[in-house]
Amino acid sequence: KNDSMHAVFDEHAAQIKTVSTYDPETRLWHVFTPDGVENDDLGAMLPGWGYWVLAGDDTELLIGGALFSPVVTPATKQLKRGWNLIGYYGLAVDEPPETPIDPLEYDGPDHDGRRARCALSSLVDTQQGFPRWSGLWSYWEPLNPNQWMPFGFEDRMDPGAGYWLEIDIDDEYSPSTVCPRTRP
């Protein structure tokens with residue numbers, strides 16, 4: 001697997017100004033700029049982490065690199081109480097027909113991904129059945145100036161999008177493989 005920021009973004013270096021992420025553990029932002037200057041403190045793109053990509057112009061990105069290895073245990077991300085920047089990752093929607101989705105292609109809030117209840121199923125209280133998270137927000141520039149969008153339990157999360165998630169306890173975000181059943 002090659003998760004270095006250069007391997008992921010070098011193909012698009014001319015269109016990208018910065019890539020940043022937030023670490024709730026240290027409460028610090030980390031930045032990568034593909035400008036060739038070695039002053040970055042963000043070296044790798046990790047599954048489950050959310051990233052803000054600032055492009056110079058209208059840019060459609062399909063970013064790659066060998067981020068996912070089939071012989072490695074799926075990644076998890078430690079969440080801290082409060083707001084966390086996460087990325088949704090997954091390859092198929094949760095309802096028939098099962099449609100493959102590129103895990104890093106985000107074309108806006110068309111909701112091609114899994115429902116939040118499924119994508120975030122590792123963040124559900126298994127005794128009570130309620131989500132441990134209470135806030136989920138994302139950003140989509142073409143909707144400017146109303147670009148911040150709230151997401152609920154039944155809304156779909158898009159692969160490749162970043163989300164601010166508020167949670168009341170420290171927890172661990174893991175990719176879901178099954179979707180929790182809902183009562184009719």
Side-chain angles (χ1 to χ4, degrees), residues 1 3-5 8 19-32 41-53 63 65-95 98 101-106 109 111-140 147-184:
K1 120 180 167 164
D3 57 6
S4 80
M5 296 304 279
V8 175
V19 179
S20 55
T21 192
Y22 178 75
D23 183 347
E25 181 87 30
T26 62
R27 295 184 180 184
L28 295 174
W29 283 90
H30 299 281
V31 178
F32 168 77
D41 65 348
L42 179 58
M45 178 172 265
L46 303 173
W49 285 71
Y51 297 89
W52 293 115
V53 179
I63 54 179
L67 289 174
F68 299 97
S69 174
V71 295
V72 176
T73 302
T76 58
K77 178 177 179 1
Q78 294 302 122
L79 302 179
K80 299 303 280 179
R81 182 177 173 261
W83 288 97
N84 295 263
L85 181 58
I86 65 167
Y88 164 70
Y89 50 110
L91 297 175
V93 296
D94 63 325
E95 296 173 1
E98 291 289 325
I101 298 173
D102 190 296
L104 296 173
E105 183 176 23
Y106 181 49
H111 310 298
D112 292 330
R114 289 181 174 220
R115 294 185 189 276
R117 68 177 159 79
C118 185
L120 302 175
S121 65
S122 67
L123 304 176
V124 171
D125 182 321
T126 56
Q127 292 180 349
Q128 300 294 325
F130 298 112
R132 292 185 176 133
W133 52 275
S134 62
L136 185 65
W137 290 79
S138 191
Y139 178 90
W140 181 238
Q147 68 272 20
W148 287 103
M149 301 173 299
F151 284 75
F153 202 56
E154 293 297 324
D155 289 326
R156 294 185 181 271
M157 295 174 65
D158 287 310
Y163 295 88
W164 281 107
L165 178 129
E166 191 280 331
I167 192 163
D168 293 333
I169 62 170
D170 291 356
D171 207 340
E172 188 173 80
Y173 170 44
S174 303
S176 66
T177 56
V178 296
C179 196
R181 295 188 187 272
T182 56
R183 295 185 179 116

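Small disclaimer: the values here were computed from a predicted structure and weren't measured. Quick note: residue numbers are just sequence positions, from 1.
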Q: S122 and S174: which non-hydrogen atoms are nearest, and at how many Å?
A: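 Smallest heavy-atom distance, with atoms named: OG-N, 3.0 Å.
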Q: Hey, could you give me the CG/OG distance between D41 and S20, rounded to the nearest 0.5 Å?
A: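 Answer rounded to 0.5 Å: 10.0 Å.
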Q: Between D23 and W49, is there a side-chain heavy-atom distance shorter than 4.5 Å?
A: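 They are in contact (side-chain heavy atoms under 4.5 Å apart), so the answer is yes.
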Q: Atom CE in M157, atom CG in L136: separation rounded to 0.5 Å?
A: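 Nearest 0.5 Å value for the CE-CG distance: 5.0 Å.
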Q: Any side-chain heavy atom of M5 sitting closer than 4.5 Å to one from L42?
A: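 Answer yes - side chains close enough.
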Q: OG/S134 to CZ/F153 distance, rounded to the nearest 0.5 angstrom?
A: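 These two atoms lie 13.0 Å from each other.
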Q: One thing to verify: whether D170 and R81 come together as a salt bridge, which I'm taking to mean a side-chain N less than 4.0 angstrom from a carboxylate O.
A: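 Salt bridge flag = no for D170 with R81.
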Q: To the nearest 0.5 Å, how far apart are CD in Q78 and CG in D171?
A: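 The CD atom of Q78 sits 8.5 Å away from the CG atom of D171.
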Q: Kindly assign one of parallel, tilted or perpendicular to the pair Y163 and F151, based on the angle between their ring planes and the thresholds 30° and 60°.
A: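 Correct class here is perpendicular.
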Q: In sequence, state the C-alpha distance, the side-chain angles, and the governing distance for Y22 and H30, and then conclude on side chain to side chain contact (heavy atoms under 4.5 Å, CB included).
A: CA-CA 6 Å; Y22 178 75; H30 299 281; over 6 Å; no
Q: What is the minimum heavy-atom distance between K77 and P24, and which atoms define it?
A: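 Where K77 meets P24 most closely, the heavy atoms are NZ-CD, 3.9 Å.
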Q: Under a 3.5 Å distance rule, please check whether T21 uses its side chain to pair with a backbone N or O of Y51 as donor and acceptor.
A: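 Not confirmed, T21 side chain does not pair with Y51 backbone.
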Q: Could you check if a side-chain atom of W52 sits within less than 4.5 angstrom of a side-chain atom of V31, using non-hydrogen atoms only?
A: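 Not touching, per the 4.5 Å side-chain cut-off.
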Q: What is the minimum heavy-atom distance between A116 and G152, and which atoms define it?
A: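 Shortest heavy-atom contact: CB-O, 3.3 Å.
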Q: Do the side chains of L123 and L165 get nearer than 4.5 Å, heavy atoms only?
A: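 Touching, per the 4.5 Å side-chain cut-off.
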Q: Using 30° and 60° as the class limits, which term best fits the ring planes of W83 and W164: parallel, tilted or perpendicular?
A: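 W83 and W164: perpendicular rings.
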Q: How many angstroms lie between CG in L79 and CD1 in I167, if you round to the nearest 0.5 Å?
A: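 Those atoms lie 5.5 Å apart.
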Q: For G162 and S138, which heavy atoms make the closest approach, and how far apart are they?
A: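 Heavy atoms only, the tightest pair is O-OG, 2.8 Å.
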Q: Has the side chain of S4 got a donor or acceptor atom that lies under 3.5 Å from a matching backbone atom of A44?
A: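 Checking the backbone N and O of A44 against the side chain of S4, no donor-acceptor pair under 3.5 Å is found.
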Q: When you measure from the side chain of Y173 to the backbone of G87, do you find a donor-acceptor pair of N or O atoms at a distance under 3.5 Å?
A: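 Yes: the side chain of Y173 pairs with the backbone of G87.
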Q: Output yes when a side-chain donor or acceptor of N84 lies under 3.5 Å from a complementary backbone atom of G82, and no otherwise.
A: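 Present.
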